[in-house]
Amino acid sequence: MDIQAFKDWFTLENIMDLIQQYRSFGPVPGILLPLLEAFLPFLPLFVFVLANANAFGLWFGFLFSWIGASAGALLVFMLVRRYGEAKLFRFLKKNKQAARLTQWVDRHGFGPLFILLCFPFTPSALVNVVAGLSRISIAQYMLAVITGKMVMIFTISFIGYDIVSLVKQPIRTVIVGAIIFLLWFVGKRIEAHLNKKLEMDQRNERKKQEESH
């Protein structure tokens, strides 16, 4: 099975069948799937959260997804923090964009990370790695992940916990689609704004260095 076929298998129907098949393990499948997404970012976290909400109900589905996604993000962060000098991460440190993001996280800390993690379309795998390479404290990043993921996971869970009604009620489907688009649009605007601020900070820093010389 190639990567594309593997990715195509992860539909809402297949994930819900998988959760039902391993229901005897309790919440383990519902927690494990979002956790794996932190290590394999091509997996569809959005689908996992929807499946959990429909399989376990809104509140338990949200809780299991939140625990899994938060634990996965923190594990990736801790692994990068622990093995940041390994060859792979040394390569990332030399990457200009990754280096700029790392420096920017060092300066601004909790706030921007929390905002980025609130939105479902943020490349959270990149955020986890960059944060691990930065000097942000473990406590700060834990707080950003736990609170940011809570907002993001609950939003997805609330939107999609009753998939059947989306089919039977077209108006609700349109509203849900509009909310998803709005989240995507706002997330992209915030990301663009943060990137712009990053570039401005770098220009100011270069200007200061030139003046000091």
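These numbers come from a predicted model, not from an experiment.
- Here the closest heavy-atom approach between residue A131 and residue Y141 is recorded as CB-CE1, 3.4 Å.
- Contact annotation: the side chain of I138 approaches that of F77 to within less than 4.5 Å [non-hydrogen atoms, C-beta and beyond].
- To the nearest 0.5 Å, atoms CG (L117) and CD1 (I146) are separated by 11.5 Å.
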Throw together a table of side-chain donor-acceptor distances under 3.5 angstrom for residues 29-53, partners on residues two or more places apart or in other chains.
unit_1, atom_1, unit_2, atom_2, d
N52, ND2, G30, O, 2.8
N52, ND2, S65, OG, 2.8

Taking it one step at a time, do F56 and I19 satisfy side chain to side chain contact (heavy atoms under 4.5 Å, CB included)? CA-CA 9 Å; F56 298 104; I19 290 173; 3.6 Å; yes
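- In this structure, CG in N54 is found 4.5 Å from CE in M16, a value given to the nearest 0.5 Å.
- Once rounded to the nearest 0.5 Å, the distance linking CE of M150 with CZ of F62 reads 6.5 Å.
- Ring centroid separation for the pair W59 and F154 comes in under the 6.0 Å cut-off.
- Across all their heavy atoms, A73 and V145 have their closest contact at CB-CG1, 3.9 Å.
- To the nearest 0.5 Å, atom CE of residue M78 and atom CZ of residue R81 are 8.0 Å apart.
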